[in-house]
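Report on the following structure.
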Amino acid sequence: MARPNSRDRELRERAAAVIPGGMYGHQSVGLLPDDYPQFFERGEGAHIWDADGTRYLDFMCAYGPNLFGYGHPEIDAAYVRQLGLGDTLTGPTALMVELAEAMTAMVAHADWAIFCKNGTDATTMALTTARAHTRRRTVVRANGAYHGAAPWCVPRPAGTIDSDRAHQILCDYNDVASLAAAVAEAGEDLAAIFAAPFKHDAFIDQADPDPAYARRARERCHHTGALLVVDDVRAGFRLARDCSWSRIGVQPDLSTWGKCIANGHPISALLGSDKARKAAGSIYVTGSFWYQAAPMAAALATLRLIRESDYLERITALGERLRTGLGERASAAGFALRQTGPGVMPLFLFEGDPDLRKGFCFSSEMLARGVYLHPWHNMFLCAAMTEADIAGALDTPEGAFEALTRQIRDLARGEKLAVLSAGAR
Ligand SMILES: *Cc1c(COP(=O)(O)O)cnc(C)c1O
């Protein structure tokens, strides 16, 4: 269904000439069905328009940053106002102190904050802080958990060397015995345990955190003097108005934030407790753009909405509605969906779909009906979505499931799934 004469197609061809691989990272060519647009023109509220002007209800929310809607008037007004006063200056504005005060007031474990630009800055700083605090080297983290694109944690090892990943022991998320074994192996050298707030790995079912796993991580860090780090870059403020592990009563020493804390404006943060303050003050961390005032103004406006609006209750309810409705429609059409993770960050995979053909096909059919889903990465709900948006999205799958049924029938007859052209996995 690739559209040969589209603007998107033209941009892809031009990109292929001047951008390595035509695109990189999670936007790399071929990670999504071939008919998915690669380029966009604009966003408003819960919707995005691709480069050819087609509008979609966007269940990716920029892979997390969009929490209150694209172009949120209040947040963007704060951003633009500060832009007029000054953004990248010789030093920070008072907003930096206000933002640190606001973040530490909201996140129970946190007594201080350091602001940066990307989640990777924050997770890498957490690693450095833990090593400075403990004067030890080893980090325990879970197989398959994403913590960013720096050499120590990048999922694809091209261009990295073994020593980039030295002094790390991987365990299995939610597996207490595996965590305990990794900690035992680290012995006297344990600097930190990193944990995702829930299992949100790509391609596989998500899983809520097992409180026993979280408590064991807490207890082991307490016992050994290592620091417990919760990487809340993706889930932070979508599950709670506090660190996500506050929901299971476990407080980390450090937490990392990014994605939605300024509703799409570039800022991230490392938060920590007093225990780690001295170490955090000892490491050298900075960046040309880390003191920018306009994203801080946007973050303050976003945090105000987080504190004062019922966004969390609304997106939670919408997520549940979507999950229930989709499950009903799938089973009515004779498909078994595995829907996992929190409703506000849903992932669904088809049963019996090891190569994701059904997922790719279904996503393409939904895209053609104006709903932008993801076949293997968790999705996101945002507070700009309405009951009507979800109801509309739930009117869509019937036709998409019918089309999927037809494609499977055709496939059984030996014809190729249309969706499996070009880059599909
Ligand atoms: C996205 C993400 C990161 C990295 O954040 P960037 O802003 O892309 O550098 C780290 N951890 C988690 C859990 C993420 O989802």
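Atoms within a ligand are numbered from 1 in the order they appear, just like the ligands themselves.
For D210, the side chain to side chain donor-acceptor pair (under 3.5 Å) criterion is met by no residue, not counting sequence neighbours. Residues forming a salt bridge (charged side-chain N to carboxylate O under 4.0 Å, His left out) with R136 (at least two apart in sequence, or on another chain): none. Applying the ring-ring contact (aromatic ring centres under 6.0 Å, His included) test to Y311 and every residue at least two apart in sequence or in another chain returns F68.
No more than 12 heavy atoms of other residues, nucleotides or ligands lie within 6.0 Å of CG in D162, so this atom counts as exposed by the packing criterion.
Test V229, L254, T124 against L270 for side-chain contact (heavy atoms from CB on, under 4.5 Å) and you get one pass: L254. Checking N378, L347, L349 one by one against T340, the side-chain contact (heavy atoms from CB on, under 4.5 Å) holds for a single residue, L347.
Contacts of ligand 1 (protein heavy-atom distance under 4.0 Å) are N118, G119, T120, Y146, H147, G148, H200, D231, V233, R234, K259.
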